[in-house]
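Since the structure comes first, as structure tokens, the remarks are kept for the end.
If you read the sequence from its start, that first residue is 1, and numbering goes on from there. Whatever order the structure lists ligands and atoms in, that order sets their numbers, starting from 1. The figures that follow rest on heavy atoms only: side chains count, while hydrogens, waters and symmetry mates do not.
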Amino acid sequence: MKITIGSDHGAVALKEEVKKVLAEFGVEVTDVGTFGTDSVDYPDIAEKVCADVVSNTADRGIVLCGTGIGISIAANKIKGIRCALCNDVFSAKMSREHNNANVLAMGGRVLGFGSASEIVRAWIQTDFSHGERHTRRIEKISALESRP
Ligand code: RB5
């Protein structure tokens, strides 16, 4: 699996922890930054990560900021992205099973490394259920993207 990951300055340390977890699963990781503590704008990071997902350069994306809120909002503006902000394992599993989330968001100022690692493990290991009702609902989300 290929995953592109990015964070703003609010989650650089968490990004490194998440990369260690991804390595457990043999995930091929592309890190689009940021790499330091200088302030950057989270929409720019969301745009870079999601570009890889919509172009199929990456199978999925992970976006991080201080709360996970701003970067998940930005990611969900991009056509084809279903970004789930998850602060617990149950939500992470459901975001894959029911919503086929292709981008995971978390907050570096919200989650400890242990909780975030468990969320990532669950998100990586859970597949979309392909249930008829879930597929129908995702198709309706896609239809919303095409409305004027
Ligand atoms: C940056 O200070 C902070 O606003 C950002 O990381 C994030 O929490 C926004 O939602």
Side-chain angles (χ1 to χ4, degrees), residues 1-25 27-128 134 137-148:
M1 183 187 295
K2 293 181 185 174
I3 290 187
T4 297
I5 188 169
S7 76
D8 78 355
H9 52 284
V12 173
L14 178 59
K15 177 157 64 64
E16 293 310 309
E17 289 301 310
V18 171
K19 283 161 65 178
K20 288 179 199 167
V21 175
L22 296 176
E24 293 171 13
F25 295 93
V27 171
E28 193 178 315
V29 176
T30 300
D31 184 348
V32 299
T34 190
F35 298 103
T37 52
D38 289 352
S39 182
V40 296
D41 296 336
Y42 56 78
D44 299 334
I45 303 295
E47 187 176 10
K48 285 182 189 173
V49 171
C50 294
D52 275 6
V53 176
V54 296
S55 68
N56 290 318
T57 305
D59 300 302
R60 297 193 216 164
I62 297 179
V63 292
L64 311 167
C65 69
T67 59
I69 296 170
I71 204 157
S72 61
I73 291 171
N76 277 317
K77 296 293 180 188
I78 297 167
K79 192 170 182 176
I81 295 299
R82 292 177 301 279
C83 177
L85 171 56
C86 297
N87 289 319
D88 63 89
V89 168
F90 179 75
S91 297
K93 284 182 183 169
M94 288 301 102
S95 80
R96 292 287 309 133
E97 275 185 27
H98 289 193
N99 315 115
N100 201 9
N102 52 10
V103 176
L104 169 68
M106 295 185 295
R109 295 171 183 157
V110 177
L111 290 165
F113 290 161
S115 299
S117 297
E118 288 305 311
I119 289 167
V120 171
R121 288 187 185 103
W123 196 72
I124 291 297
Q125 293 180 287
T126 308
D127 291 326
F128 180 48
H134 301 307
R137 289 162 188 164
I138 287 165
E139 286 171 355
K140 287 187 176 186
I141 293 173
S142 298
L144 289 174
E145 292 175 332
S146 304
R147 292 213 187 143

Identity and distance of the protein heavy atom lying nearest [atom]:
| atom | result |
| --- | --- |
| atom 1 (C) of ligand 1 | H9 NE2, 3.5 Å |
| atom 10 (O) of ligand 1 | G70 N, 2.9 Å |
| atom 3 (C) of ligand 1 | R109 NH1, 3.9 Å |
| atom 7 (C) of ligand 1 | C65 SG, 3.3 Å |
| atom 5 (C) of ligand 1 | D8 OD2, 3.2 Å |

>> Evaluate Y42 for polar contact with ligand 1, using N/O atom pairs at a separation under 3.5 Å.
In response: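 So ligand 1 has no N or O lying under 3.5 Å from an N or O of Y42.
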> G68 to ligand 1: N or O pair under 3.5 Å?
Replying inline: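 No; the residue has no nitrogen or oxygen that sits under 3.5 Å from a nitrogen or oxygen of the ligand.
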> Hey, does the side chain of D8 reach the backbone of G10 with a donor-acceptor pair shorter than 3.5 angstrom?
Replying inline: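 Present.
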>> Donor-acceptor pair, distance only, cut-off 3.5 Å: does the side chain of E97 make one with the backbone of T126?
In response: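 No; judged by distance alone, with no hydrogens or angles, the pair does not exist.
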> Is the shortest heavy-atom distance from the side chain of K19 to the side chain of I3 under 4.5 Å?
Replying inline: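 Of all side-chain heavy-atom pairs linking I3 with K19, none is under 4.5 Å.
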> Which of the atoms in ligand 1, numbered in the order shown and given with their element, are less than 4.0 Å from a heavy-atom of G66?
Replying inline: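 Reading through ligand 1 atom by atom, the close ones are 5 (C), 6 (O), 7 (C), 8 (O).
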> What residues, two or more places apart in sequence or in another chain, satisfy ring-ring contact (aromatic ring centres under 6.0 Å, His included) together with F128?
Replying inline: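 Partners of F128 under the ring-ring contact (aromatic ring centres under 6.0 Å, His included) test: H130.
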> Roughly how far, to the nearest 0.5 Å, is CD1 of I124 from CZ of R96?
Replying inline: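 Reported to 0.5 Å precision, the distance equals 8.5 Å.
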> Which part of T67 is near ligand 1, with near meaning a heavy atom under 4.0 Å away: side chain, backbone, both or neither?
Replying inline: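 Looking at T67 and ligand 1, atoms from backbone and side chain both fall under 4.0 Å.
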>> Suppose we screen for salt bridge (Lys or Arg N to Asp or Glu O under 4.0 Å). Which residues come up paired with K2, at least two apart in sequence or across chains?
In response: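 With neighbours one apart ignored, the set is empty.
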>> Is it true that, when you exclude E24 itself, more than 12 heavy atoms of the residues, nucleotides or ligands shown sit nearer than 6.0 Å to its CD?
In response: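 Atom CD in E24 is crowded, with more than 12 foreign heavy atoms closer than 6.0 Å.
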